[in-house]
Amino acid sequence: MWVTSATVLTLAFLWLIGVLNDEKVTTLIAMAAVLVVISALSYSKYEAHVEKLKIVDDQAVNMRDYKPFQEGTKAVSLPEPAMLNIRSKLPRLDGSTALYPMYAAFVQAVYKQKDYPPYDYGGDSEVQVNGTEEAYDRLIKGEVDIIFAPGPSEDQEAQAKAAGVKLKLTPIGYEAFIFFVNSRNAVQGVTLEQIQGIYAGGLTNWKQVGGANEKIRPFQRRENSGSQTMLQKIMKDKQLMKPIEEDVSAGMGDIIKETANYRNYKNAIGFSFLFYATEMVHEQQIHLLKINGVEANRANISNGTYPLTAPFYAITAGSDNPKVQPFIDWILSPQGQYLIEKTGYTPLGS
């Protein structure tokens with residue numbers, strides 16, 4: 001943009017000293033103005049592209065690896081033809097980063113085969129992954145038909161109410177909410193009450209929970225992200241402390257990176273969901289904490305002994321697409337539940 005602005009100033013100078021006449025100046029300035037507009041539009045698109053790259057980078061895992069119908073995709077497949085086939089009026093989908101591998105598998109089983117770019121906000125792809133916060137925003141605005149995510153935050157519920165939208169949450173499976181520390185931290189487990197104490201700001205030193213005499217650095221996520229909403233819910237009647245800015249991780253992968261960082265090995269604690277932390281991000285420098293003496297694994301999710309198990313949902317907001325309900329019904333069927341389990345989540349009824 002500065003190039004075209006400089007061009008206008010140069011033309012004005014040449015006119016003043018008599019090198020150019022009025023007609024030539026008018027023509028050239030008009031051309032320069034067109035260049036300014038084109039330059040501004042190009043710069044705007046560039047900024048949007050950079051912002052999208054930031055979002056992709058925040059997620060730490062390239063969702064394109066799970067894109068349906070792609071050769072070598074990590075999305076799991078049914079061993080048999082799907083009982084439902086959707087070839088027109090495809091429901092528009094979005095959701096949390098951690099759940100994209102699951103709903104990509106649904107699409108691969110049921111939707112017509114074509115290209116579904118996962119990072120295509122504002123584009124034509126019916127299947128995207130913009131993260132929990134953006135997915136709720138798009139659902140409330142009517143830009144998508146179904147999102148796959150944890151339950152909404154209080155703020156998201158308020159946004160829906162203000163927009164005159166009623167959120168319908170259909171549980172489709174279960175997942176464990178986990179806490180982790182650096183692999184060199186000797187603490188192997190904490191109680192739920194201790195987690196609440198750490199994140200309320202009452203417990204500030206690892207020696208208070210059986211560890212070394214080191215300050216606890218509790219990382220958090222940004223507001224309205226799925227994992228931050230889950231943290232807020234498990235705090236119950238205890239006030240979640242306000243973190244300092246550098247202790248708030250933008251992406252799901254960032255909170256794992258920060259906890260794994262060698263500089264934070266004595267101090268850090270973070271949180272996520274089991275499948276994302278153990279199957280999508282392969283970080284060896286963290287270990288999961290037992291909660292109330294119970295390890296976070298599929299068996300303990302299924303038998304109900306792990307205390308921080310929560311459902312995840314197919315969420316709608318009054319879509320008039322006639323294919324939405326049959327699709328959700330199919331997800332609840334044995335075939336849909338099979339894909340949930342094979343992806344790495346815990347299906348209903350387990």
Side-chain angles (χ1 to χ4, degrees), residues 96 98 132 150-154 174-244 246-261 264-278 281 283 285-301 303-312 346:
S96 68
T132 303
S153 66
E154 290 183 359
Y174 296 101
E175 178 60 323
F177 186 57
I178 59 166
F179 289 84
F180 47 78
V181 295
N182 191 282
S183 59
R184 288 175 283 185
N185 191 320
V187 175
Q188 298 298 310
V190 290
T191 65
L192 179 54
E193 185 177 5
Q194 287 171 333
I195 286 290
Q196 293 169 335
I198 289 170
Y199 278 93
L203 297 178
T204 59
N205 195 295
W206 282 110
K207 70 179 181 180
Q208 294 174 281
V209 294
N213 184 17
E214 298 289 348
K215 183 179 178 181
I216 299 175
R217 185 179 184 185
F219 284 98
Q220 294 189 42
R221 291 284 318 284
R222 63 173 182 260
E223 285 291 314
N224 294 324
S225 65
S227 53
Q228 185 70 12
T229 297
M230 186 65 182
L231 175 67
Q232 292 165 343
K233 289 179 179 178
I234 71 167
M235 292 299 289
K236 297 185 178 178
D237 59 343
K238 293 182 171 60
Q239 180 66 43
L240 178 63
M241 68 178 181
K242 183 176 178 59
I244 57 176
E246 54 265 36
D247 286 353
V248 177
S249 299
M252 286 189 71
D254 291 338
I255 197 168
I256 296 175
K257 289 179 187 176
E258 293 288 356
T259 305
N261 191 300
N264 297 324
Y265 78 92
K266 294 180 179 179
N267 310 104
I269 182 172
F271 52 83
S272 187
F273 293 99
L274 180 62
F275 177 76
Y276 183 85
T278 60
V281 176
E283 177 56 67
Q285 299 305 313
I286 62 170
H287 68 251
L288 309 190
L289 294 174
K290 294 179 180 178
I291 304 296
N292 293 350
V294 181
E295 184 179 343
N297 58 40
R298 296 294 154 208
N300 291 336
I301 296 173
N303 63 31
T305 58
Y306 183 71
L308 298 181
T309 295
F312 52 86
T346 302

> Check the pair Glu295, Leu288 against side chain to side chain contact (heavy atoms under 4.5 Å, CB included), reporting the backbone distance first and the verdict last.
CA-CA 8 Å; Glu295 184 179 343; Leu288 309 190; over 6 Å; no
> Does any part of the side chain of Ile269, heavy atoms only, come nearer than 4.5 Å to the side chain of Pro218, both counted from C-beta?
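Contact flag for Pro218/Ile269 side chains = yes.
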> Measure across Ala98 and Phe275 and return the closest heavy-atom pair with its distance rounded to 0.1 Å.
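Between these two residues, the closest heavy atoms are O-CD2, 3.9 Å.
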> Find the distance between CD (Gln285) and CZ (Arg184) and round it off to the nearest 0.5 Å.
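It is 6.5 Å, given to the nearest 0.5 Å.
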> Got a sec: does the CD of Glu154 have more than 12 other heavy atoms crowding it under 6.0 Å?
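At most 12 heavy atoms, drawn from other residues, nucleotides or ligands, come within 6.0 Å of this atom.
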> Provide the closest heavy-atom pair for Gln194 versus Gln208 in the form atom of the first, atom of the second, distance.
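Result for this residue pair: NE2-O, 4.2 Å.
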> Quick check: do Ile216 and Thr204 have side-chain heavy atoms less than 4.5 Å from each other?
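No, every pair of side-chain atoms sits at 4.5 Å or beyond.
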> Would a distance-only check, ignoring hydrogens and angles, find a side-chain to backbone donor-acceptor pair under 3.5 Å from Asn213 to Lys207?
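Checking the backbone N and O of Lys207 against the side chain of Asn213, no donor-acceptor pair under 3.5 Å is found.
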> So do Val181 and Trp206 actually touch side chain to side chain, heavy atoms under 4.5 Å?
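In short, these two side chains touch, coming nearer than 4.5 Å.
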> Got a donor-acceptor contact below 3.5 angstrom from the His287 side chain to the Val187 backbone?
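Yes; judged by distance alone, with no hydrogens or angles, the pair exists.
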> Set out, in order, the CA-CA distance, both residues' side-chain angles and the distance that settles side chain to side chain contact (heavy atoms under 4.5 Å, CB included) for Val190 and Ile291, then state yes or no.
CA-CA 5 Å; Val190 290; Ile291 304 296; 3.9 Å; yes
> Testing the basics here: between Leu308 and Phe179, what is the closest heavy-atom pair and its distance to 0.1 Å?
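For Leu308 and Phe179, the tightest heavy-atom pair comes out as CD1-CE1, 3.7 Å.
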> Please walk me through it: do Gln228 and Thr132 pass side chain to side chain contact (heavy atoms under 4.5 Å, CB included)?
CA-CA 10 Å; Gln228 185 70 12; Thr132 303; over 6 Å; no
> Locate the shortest heavy-atom distance separating Ile178 from Ala277; write the atom from each residue and the value.
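Of all heavy-atom pairs spanning Ile178 and Ala277, the closest is CD1-CB, 3.5 Å.
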> Can you tell me how far apart CG (Asn182) and CZ (Phe180) are? Round to the nearest 0.5 Å.
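CZ of Phe180 is found 10.5 Å from CG of Asn182.
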> Which atom names give the shortest non-hydrogen contact between Thr346 and Arg298, and what distance separates them?
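Between these two residues, the closest heavy atoms are OG1-NH1, 3.5 Å.
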> I'd like to know if the side chain of Asn297 and the backbone of Ala299 have a donor-acceptor N/O pair within less than 3.5 Å.
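Yes, the answer is positive, given that a donor and an acceptor are paired below the 3.5 Å cut-off.
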> Are any of the side-chain heavy atoms of Phe273 and Pro150 separated by less than 4.5 Å?
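Side-chain contact under 4.5 Å: yes.
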> Under 6.0 Å from the NZ atom of Lys290, do we count more than 12 heavy atoms belonging to anything else shown?
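No.
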> With rounding to the nearest 0.5 Å, note down the distance linking OG in Ser153 to CG in Leu231.
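Between Ser153 OG and Leu231 CG, I get 12.5 Å after rounding to 0.5 Å.
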> Would you confirm whether Asn300, through its side chain, and Tyr306, through its main-chain N or O, come within 3.5 Å as a donor-acceptor pair?
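Side chain of Asn300 to backbone of Tyr306: no pair is present.
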> Should we say atom CD of Glu193 is surrounded by more than 12 heavy atoms from elsewhere, each under 6.0 Å from it?
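Open.
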> Under 6.0 Å between the ring centres of Phe312 and Tyr174?
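For Phe312 and Tyr174, the ring centres are not under 6.0 Å apart.
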> Ring-plane angle category for Phe271 and Tyr199, please: parallel below 30°, perpendicular beyond 60°, tilted otherwise.
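Answer is perpendicular, since the angle exceeds 60°.
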> Considering the options Gln232, Arg221, Arg222, Gln220, which one meets the side chain to side chain donor-acceptor pair (under 3.5 Å) requirement together with Ser227?
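Exactly one pass, corresponding to Arg221.
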> To the nearest 0.5 Å, how far apart are CD1 in Ile198 and CE in Met241?
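Going from CD1 on Ile198 over to CE on Met241, the span is 9.0 Å.
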> Do Asn205 side-chain atoms and Glu214 backbone N/O form a donor-acceptor pair below 3.5 Å?
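Yes, the answer is positive, given that a donor and an acceptor are paired below the 3.5 Å cut-off.
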> Grab the two heavy atoms, one from Ala200 and one from Met235, that are nearest each other, plus how far apart they are.
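Looks like N-CE, 3.6 Å.
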